[in-house]
Every structure is written in C-alpha cells, then in structure tokens.
Engineer: 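First, the structure itself, so that you have it in front of you.
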Amino acid sequence: MAHQKQPEEIEEIKKEIEKLREEIQYHDWRYYVLNDPIISDAEYDRLFRRLKELEEKYPQFITPDSPTQRIGEKIEGEFPTYPHSIPMLSLDNAFSYEEVEEFDRRIKRFLNLPQDTAIEYSVEPKVDGVSIELIYENRILKMALTRGDGFTGEDVTQNVKTIKTIPLRLLGENVPSYIEVRGEIYMERENFEKLNRELLSQGKKPFANPRNAAAGSLKHIDPSETAKRYLDSVVYGHGIIKGIEIKSQNELLEKLKNWGFKVIPEYKIVKGIKNAIEHTEYIQKILKDFKFESDGVVIKVNNFELREKLGEKAKSPRWAIAYKFPSEEATTRVLWIESQVGRTGTVTPVAILEPVRIGGVLVSRATLHNFEELKRKDVRIGDWVWVKRSGDVIPEIIKSIPERRVGNEIEYEEPKKCPACGSSLYKPEDEVALRCPNMSCPAQLIERIKHMLSRNAFDIEGLGEVFITQLVERKIINDVSDIFYLRKIDLMKFHGVGEKLATKIIENINRKKVIPLSKFIFALGIRHVGEAVAKLLAKKFKTLEGFMSANEAEIESVYGLGPKVAQSVAKFIRDEKNINSIKRMLSAGVKVLPYEEEVIAGKLAGKTFVFTGTLKSMTREEAKRQVIEKGGRVTDTVSASTNYLVVGDLEGKTTTTKLEKAQKLSVKIITEEEFLKLLKD
Ligand code: AMP
Ligand code: ZN
C-alpha cells in the first residue's frame, strides 16, 4: 500500500460500506420480494462488487447481515438445537364446512359471546413446506430454527440466509427490538422438477415431493448447495415480540410486509365464518396459480386479544383451524395410454382411465407429463394407479400400484413418429419433452386454434373442439388465420349446421376482431408465453409493429422474462410462416389495439371512485393504485360526476359526509366486496 490510511479515511470507508449494505438490501427486497426492481442488473452488480472489494480490504467491517454473507461455511457435524421460546404447535384440522362452522361456534361458547357475533378471521392458504422461526434482534437476523418437535428446533441459520426473500436486516420503520417471525420455506414446483431431473441424471434418488425437497435442501450441510436450490419463503405468524405492540393478524401481516418479508399471498380479513368459507372457496379455485403446494387454508382469529383469551390446548391453539380441501385422490385402472400432440408440438403420454369420481368430477383421462416420468412412475396399460385432481388442473397419475399387477400389463413404448402426422419426433437439448417438428401438423393446428379462440385470447364462442377438428381434417382450415376467412357455406357443410347457426358463428368471429395487443400476443400461442408474459411484452413493445420487430436482446431485457422466453418469441416472430399468418389475419380485418389504448379501455376507464371508511382487504393507497391501473380515477370528494362511493368499515359511525352526499346525489354506493368484484372482472 502506498500510504497508511488516516483514521478519517477509514471512517469514510466504514460509512461507504454501511451505505452500500443498505442500498443492496433495499434492491434485493425490490427484486426478490416485490418483483419490481428499480436498477438494472449491471448497476446492482457494480454495487455488490464494490461492497465485496471494500469488505475484502477491511474485513473488520464485515457484519453478519451483509448481503455478501448469504452463503457461509459448510456445517460441521449436526445442526445445534435450541428451544423455542413459545412452542411451535400444530393445527386442528377440519374436513368439512360443518366442522369449520363448529369451530366458530366453539369459539363463541368459549368466550361467552352470543352466537350471532361475527368474529373477525384471517383466511390464508396453508403452505405445504417446512415451518421456520426467524429471530431478529435489533433488526438483524440472529437465528433461524426449524419446528423440530415443536419445543426444540434445529439451527439452520446458515442455510436460511441463502434464501433471498428472507431479509438479513429488517427494513422500514417501527421495527421491534426483538421479534420471532414464523413462516414456511418451500420449493417452487418448477425448481423441484428441475432438481429431480438433475438428481436423476447424476444417478441419485429424486425427492418424492416439493416439501421433502425443501426439507432436504434446508438441512444440507453445505450452504452453497442450499443456495443453488432456490428455496423461497412466506411468513404468516409470530412468536415473542418486544418493543412494539401488535394487535391483530392484519396488522402483523402489514408490518411484516413493510419490514421486507414476503408475506403469505391472497390472505383476507373477513367478518363472520360465512365470509371465511367464501374466501376458502376462492383460494381453492386459485390454488393452481400458487408456486407452492397447498392443500387447504388456515382460518385464524384476527384479534390478538381474543387469541390470548382463547389460548392453547396441548398440541394446537384454540384460535385457528386448518381446513383441508376434500380428498382428491382415488385409485382406478389404466385402460389405455396414448400420445397427445400439443399446440407447440410437444408429445405427451395420456392415460385413458376407467372413469372414477374424484371430488365430484368424473375423471377419465390423466396426464403423465412426459415419457421420462412415465418410465419413472412405471405406469403400464392395465395397471391400477393413484390419480390426483386439484382445482382445475388436468388430473395426473401420482403412482402405479405394482402390487396389484396380474401379469398381463403392457409397457407403453415411447413413440418414434408423430401420431397425427407421422413426422419423426425429436428431443430438444436440455428438455424432457418429445416434439413433432412439423409446423403444419394437424394436431398442433387444432390445438393452436383452440387456444386462439379461448376465453382469454380472442374469446370466440361457437366453435368447439369437434368442429375445429373437422374443419382441419377437411382442410377448410389450414392455418390459424383461416378462422377469419370462414364463410357461412363452409360451416353449413356440416351435419346439423343451418344458416342460422352459421350466421351466428360468423358474427361471433367478426365481433371479436378488435383485440388488445396483450391478448393478441397470448392468442398466438407462442411457447412459454402465457397471459402474464404476453402482458409484459405488450407493455414493453406497445404496438404490434413494435412487437414484431423486437429482437432477442430487447425481449430478454424486459424485467421478468428470461432467455428461454426471449429465444422462443424471437424465433416465432422471425418465422416466415407466422409473419404471413399474422398478415393474413390483419387483411381479414383483425385490429390489434396498441397497449396504451388497451390501458385506457380498461374495465374502469372513465369511472371515478371515492372511498369512505376503512378497507379491510387493502389500504386505501393500494385500492387507489388498482383503480388507476384499470383506467379509473380516484377523488377525495363526492360530486355529481362520481360513479362509485366505496364504503368500508365506518367503525361504529352510521354515516359520513361523503355517504350523505352520495345519497343526495344518487351516486352508486357499493361495499368493499362489490368493489373487489369490480376490480376482478
Ligand atoms: P400441521 O403440521 O398439519 O398440524 O399444520 C401446522 C403447520 O401448518 C404449521 O406448523 C405451519 O408450518 C403450517 N402452515 C402453513 N401455512 C400456514 C399458515 N398460513 N398459517 C399457519 N400455519 C401454516
Ligand atoms: Zn405431427
């Protein structure tokens, strides 16, 4: 070194290190928790490198909460154990709504409240992962403990630190001097499958489910190995809290959000058990959108004072119950296995089943995802199998039951040729999927058209699967764009289709020719481009022309999109055949609205909202943001031009100035539930 640093200089460096640390923590939170970064990866890397450099030169300033310290040393021997200051209990289960209602009645009996009291509940998805307790002292993550036997947990701090959604240091204001935060560590389904593929290719044993995979990864002796497995977290509870007072679950979850945690999604605070059940049904419906596995909801008393009064039993609290969605597994026999060609040419094995009722629905087909899985699960024609159905997802075969074989079961061979067009199938690198390379493959065309007409794309009614199949088989439709060239007489060639029906279908098609850019992009059925990705692309490229002339690098630079999507989109829009087919649609009168107009034409376009009272499910700021996002406006006072007055909880008051004024001016008055509905559809 050229010269010895002066104490003032050293002090400056310490300050810079502290500042960098805070900045990086903030950007980690924006990126991992909010999915909304405000600096580029390059800028982030610069900050990170600078911090690392300084810390290497001045190791005396390294602190355990530094973002550079997420990956620590290998763990020697066993994980040390520590007692939980408050035991981590399990939850009572309910398997029917009657049992949920009984839980509500029991609470009121216990508290000596009249049975018509509406208790406030928090209704949350039950995450099927590994429970964890995170202990923070003066903002810093001090220890992470597994549930263990409920009384003592294992210290897995080193591994937990690798999880990017867990703050090493609490952000924000009003931070308690000490807090035990409880939540769940899980592995996203996609990462689970990837991990299993890797393990298999290394000749190792795959994990049975994401939960086991998360548990195994959390207890890996090498944190750098844990880091590679991309675990994620959500939090939903607490142990001891010191320094501030929190009165309800609602308040806890809001605060946890502000301190930088990823909080349990889709939770809702409701009044009365009826509304709790309603939200339970909602969660069951959207289950498949969660990246974690969930098999039920947890219903908890919102108010902490009431919780205190209710207390705990030996193994579970009295103030919460886990409602498990109805059993969705059954055994049946595989009658046949066939190969099905999807919209992008993927060939998937599908089992034809002896029909079996699962959760009220008759199931006669189940997917096996891909041929590797078919082999791994060793499903044979004639086998007895366990079938699972969850939400609206296609039923799947969990496993075969070889114990029930009689000897005449037949193994299904992976096909070499496409069952629809006879082309030789191929397996792209790093993929398990088998694909048909023929862009004009009739099976692919049928699937692409079905997708294009579907509700969230062009939303054209009247053309079902059978119809489309015949149109393709008779070569009336040879390209997706041909839909817009259909004539009445083409349709009237089919048995049972008269002029009236044909006219109606053609009208349906014509009425839907104007389409927002994002829906159009989704309708194209590009691989890896679902609704969310289509929206991001529309937002970035604004117009159809902009989108069609995008290059791979530009697409990849869209936040949230990776190289896989970029490659797939670039390939699609460069393909002559696709370009022509889009041109033909436009010539037929399809009009693609630019993104800006799409936003303006949002559901709430031109509508003005005013709020009064307290909202339960979100803050007023959040409500405002959502209205604006959908093209509406929010003002502070009610006037004749107000379209809706949203009335939240008036906290004992019977009316407000705004409410009176709205009544006088006959402004439409809606409840929070009605408001949420408006936002949703
Ligand atoms: P059990 O082990 O089946 O009795 O259920 C209790 C466990 O459910 C807790 O230890 C948590 O790990 C887990 N859990 C998952 N999601 C939640 C949630 N939203 N609220 C409370 N506990 C949850
Ligand atoms: Zn084919």
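Counting starts at 1 for both ligands and their atoms, in listed order.
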Engineer: Is the distance between the ring centroids of Y323 and F103 under 6.0 Å?
Structural biologist: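 Judged by ring-centre distance (under 6.0 Å), Y323 and F103 do not meet the cut-off.
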Engineer: In terms of the angle between their ring planes, are F290 and F292 parallel, tilted or perpendicular, with boundaries placed at 30° and 60°?
Structural biologist: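 Aromatic pair F290/F292 classed parallel.
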Engineer: So which protein N/O/S atoms does the Zn ion (ligand 2) have within less than 2.8 Å?
Structural biologist: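 Near the Zn ion (ligand 2), below 2.8 Å, one finds C418 SG, C421 SG, C436 SG, C441 SG.
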Engineer: Counting C-beta onward and ignoring hydrogens, is there a side-chain heavy-atom pair between R211 and E293 closer than 4.5 Å?
Structural biologist: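 Not touching, per the 4.5 Å side-chain cut-off.
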Engineer: Answer yes or no: are there more than 12 heavy-atom neighbours, outside K274 itself, under 6.0 Å from its atom NZ?
Structural biologist: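 At most 12 heavy atoms, drawn from other residues, nucleotides or ligands, come within 6.0 Å of this atom.
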Engineer: Between the side chains of D232 and K164, is the shortest nitrogen-to-carboxylate-oxygen separation below 4.0 Å, so that they form an ion pair?
Structural biologist: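 No salt bridge links K164 with D232.
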Engineer: Got a sec: does the CD of E190 have more than 12 other heavy atoms crowding it under 6.0 Å?
Structural biologist: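 No, not enclosed.
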Engineer: Salt bridge (Lys or Arg N to Asp or Glu O under 4.0 Å) for K315 and D92? Distances and angles first, verdict last.
Structural biologist: CA-CA 8 Å; K315 287 199 182 123; D92 281 347; over 6 Å; no
Engineer: Run the numbers on K616 and E120 for salt bridge (Lys or Arg N to Asp or Glu O under 4.0 Å), then give the verdict.
Structural biologist: CA-CA 10 Å; K616 292 274 155 206; E120 231 171 36; 3.3 Å; yes
Engineer: What verdict does the salt bridge (Lys or Arg N to Asp or Glu O under 4.0 Å) test give for E133 and R182, after you've listed the backbone C-alpha separation in whole Å, the side-chain angles of each residue and the deciding distance to 0.1 Å?
Structural biologist: CA-CA 5 Å; E133 177 162 80; R182 291 176 177 185; 2.7 Å; yes
Engineer: Heavy-atom contacts with ligand 1 below 4.0 Å: which residues, ordered by chain and residue number?
Structural biologist: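 Within the 4.0 Å shell of ligand 1, which is judged on heavy atoms, sit L89, S90, L91, E124, P125, K126, V127, S131, R147, E184, Y236, I264, V298, K300.
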